[in-house]
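Accompanying notes for the structure given below.
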There are 2 protein chains.
Amino acid sequence: MLHRRASITDLAKALGLSASTISRALADHHDVSEATKVRVRQLAKELNYHPNPLAAGLRRGRSNTLGVLVPHITGYFFPQVIHGIATEASAAGFNVMICQSNEDVQQEKQAIELMMGAQVAGILVSLANTTQDFSHFEDVRQQNVPLVFFDRTVEGFKGQNVSTVTLNDYLGAYQVIEHLLAQGCRRIAHLTGPFNLSILKNRHQGYLDALAAHGLAPDPRLTIFCEQTQAGGATAMRQLLRRPAAQRPDGLFSSNDLVAVGALQIAKKQGLRVPQDLAVAGFSNEVFTALTEPSLTSVDQRCEQMGQTAVQLLQKMLPTSKSKNPPRPIVLKPKLIVRESSLHDGQGGKE
Amino acid sequence: MLHRRASITDLAKALGLSASTISRALADHHDVSEATKVRVRQLAKELNYHPNPLAAGLRRGRSNTLGVLVPHITGYFFPQVIHGIATEASAAGFNVMICQSNEDVQQEKQAIELMMGAQVAGILVSLANTTQDFSHFEDVRQQNVPLVFFDRTVEGFKGQNVSTVTLNDYLGAYQVIEHLLAQGCRRIAHLTGPFNLSILKNRHQGYLDALAAHGLAPDPRLTIFCEQTQAGGATAMRQLLRRPAAQRPDGLFSSNDLVAVGALQIAKKQGLRVPQDLAVAGFSNEVFTALTEPSLTSVDQRCEQMGQTAVQLLQKMLPTSKSKNPPRPIVLKPKLIVRESSLHDGQGGKE
DNA sequence: ATGAAAGCGCTAACAT
DNA sequence: ATGTTAGCGCTTTCAT
């Protein structure tokens, strides 16, 4: 038994063939005789031969691994997107390598280097929320490695082999507001966070436009910027409830589910009935939205579909693909999930 | 500007030196003159040189990447462990490559091959719950690639370079039961799942032994095997409540938080007061345990610490390490987190 | 202090 | 249908 793994030359020697024939046989190349192929495959199995992807990658200048870079893998969204990516990639014969930036540009940079070094066939990225400078993607673009930004993208970083998949956040917010208005709400507050990422800006705009479209002038005092945590939501809610009765909201739209829960808990603690006195909706359809009391209306971000779509876009940009132009950006449609927290009559839970 | 990345020979030519000198200079080898090192580093920067890890790995037969293989990255546990791994690995100069088995042995096998092919310096695995056959780890062992099993491990797969980190699940369960008994519970039910993974078996044993230690004979009818989902918990609870009053539990310990929530919701719906009529506790300290009403008592699994410990064990098994014997298995101590669902007096929330 | 040469395992252009 | 040759980028002995 060998200590090292069997290599292609081991097979070649054992069968009295050349390395190239072995290589071709294993690749099922058309001009290798069937008999030889059988012998090669047979021996490969016996010797427990596994091809060395490093050597192949080095030689070919490209591997069959896709790199995925996300800010983190906590919560519902990113793991689900990754699941979609993994499924689609696997079906297309790709391996997947996952890295986290921990919302840190420096780590984002390192991860990109790691992936480029591994000669990945393409890269799928969702940006860290602090990323302002994109020089670390220059290399990727220059070497024509296909790049897909998903969910958290950049304006102004275009290229032949660069594309994007996003959710229509604007529409998601718009739908929430229309739903709350239909439930009879007239003073709808909005909890949001910093606007560096366009996501939150777009949701805010959807909120404003939906109100305007229904003839309601948005009250700027009802948009509250808060920390994107449960505590942040609690603080914001307390602040809202300290105001004179006429200035308090009868509906609440939070751009973040955890923030919504924080607000929900304070509202209940202060004696408000949800949804009767205050209808509440969040964004992301986190797992726990189904577990709170009342359960929380939210917006599903089509996570799996986003992952799958991202891989499909990537494939269109591979050198093997015949499409010439960079694929157009894809924008997915969000799905409003109505639950108890916003449904004035009925039991909620329906979709 | 080059299309391809600058290589070591590009630097060599440009400086009139040999490739070996460049290699040594970049590795800060002691017998390269300081002057040369400076020139090399300078030019490397100018040409935006990045070493090619594939070539280095191929040559050295080992990379500085660690492979992490988990069943999935949903929920709280695995992402947190991975975070611990990533932090510790990064501090030690390792890159991390994450793969999922999706609880499927076949995918587990593929991922191991991918990692071995990438010449990882070591592998950290938590097994798929269906894994019975371990032949895919034979290769890893034979080539002496350090292997650490965490959380979900195997009995009977030992080796010079194989080690384990687990949680003391038995103790976690034991502590839960002692806590419930202290709250006055006398008939404590246990919701659990299939025993293929030793985790659930150990928690069940902790449950039994804790009762016995306090002079209570465990009633086998109070151990319910159910699907490990919210729905499974709901079904189990309904089943328990259909029994005559004297046979119903006054305490409930679920080996899974989601199952606990399902049970909790049914109990409330049927008019039981939690914790007064039924004290409830789960296991894993999932994020949502703090968000339910009442909030759910659970057991923290020391996720981050588990990840860090796993990397430390791995380092001890690297060829560079001086330790000779395989490190002893590490067993971490769980931490009971008491919340409202089990606290008969007081408000809970303390740890 | 530096260079020459060999080779890790694989593939692909160019023979035959 | 198979072999020969060269080389991907790097490290490492062995020279000088």
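Each chain gets a letter, A, B and so on, in the order the sequences are listed, and its residues count up from 1.
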- Task: Classify the angle between the aromatic ring planes of B:F157 and B:F134 as parallel (below 30°), tilted (30 to 60°) or perpendicular (above 60°).
- Result: tilted
- Query: Are a donor atom and an acceptor atom from the side chains of A:E46 and A:Q42 found within less than 3.5 Å of each other?
  - Reply: yes
- Message: So, OP1 or OP2 of C:dG3: does either fall under 4.0 Å of a side-chain N or O from B:T21?
- Response: yes
- Report which part of the nucleic acid A:L54 touches: base, sugar-phosphate, or nothing (heavy-atom distance under 4.0 Å, all strands). nothing
- Query: Between A:L15 (CG) and D:dG3 (P), how many Å, whole number?
  - Reply: 10 Å
- Message: Whole angstroms only, please: what is the NZ-P distance between B:K13 and D:dC10?
- Response: 12 Å
- Task: Could you work out which one of D:dT2, C:dT11, D:dG3 sits closest to the side chain of A:S18?
- Result: D:dG3
Report, one pair per line, the protein and nucleotides 14-16 of chain C atoms (nitrogen or oxygen only) whose separation is under 3.5 Å.
none

- Query: Could a donor-acceptor pair under 3.5 angstrom be found where the side chain of B:S20 meets the base of C:dA4?
  - Reply: yes
- To the nearest angstrom, how far is B:H29 atom NE2 from D:dT11 atom P? 11 Å
- Message: What's B:D31 touching, base or sugar-phosphate or nothing? Going by heavy atoms closer than 4.0 Å.
- Response: base
- Query: Whole Å only: how far is the OH atom of A:Y49 from the C1' atom of C:dC10?
  - Reply: 7 Å
- Note on the structure: Per side-chain contact (heavy atoms from CB on, under 4.5 Å), A:L26 is matched among A:V32, A:T21, A:V40 by A:V40
- Message: Regarding B:E34 and B:R39, does a basic nitrogen lie under 4.0 Å from an acidic carboxylate oxygen?
- Response: no
- Over how many whole Å does the gap from B:R59 atom CZ to D:dG7 atom P extend? 19 Å
- Item | Check: B:S126 side chain, B:P71 main-chain N or O, donor-acceptor pair, under 3.5 Å | no
- B:I73 versus A:F78: any side-chain heavy-atom pair under 4.5 Å? no
- Item | D:dC10 OP1/OP2 closer than 4.0 Å to side-chain N/O of B:T9 | no
- Name the residue closer to the 5' end of DNA chain C, choosing between B:A55 and B:H30 according to the nucleotide with the nearest heavy atom. B:H30
- Message: Any base atoms under 4.0 Å from B:G117, or only sugar-phosphate, or nothing? Heavy atoms, all strands.
- Response: nothing
- Atom-to-atom span, CG of B:N64 to P of D:dC10 - whole angstrom: 14 Å
- Task: Among the candidates D:dT2, C:dT11, C:dT2, find the nucleotide nearest to the side-chain atoms of A:S33.
- Result: D:dT2
- Using only side-chain N and O atoms of B:S23, determine if any of them is under 4.0 Å from OP1 or OP2 of D:dT12. no
- Inspect the surroundings of NZ in A:K37 and state if more than 12 heavy atoms from other residues, nucleotides or ligands are less than 6.0 Å away. yes
- Task: Round to the nearest Å and state the distance from A:L58 atom CG to D:dC10 atom P.
- Result: 9 Å
- Task: Evaluate the side-chain proximity of A:L66 to A:I123: yes if any heavy-atom separation is below 4.5 Å, no if none is.
- Result: no
- Item | Distance, rounded to the nearest Å, where A:L11 contributes CG and D:dT2 contributes P | 15 Å
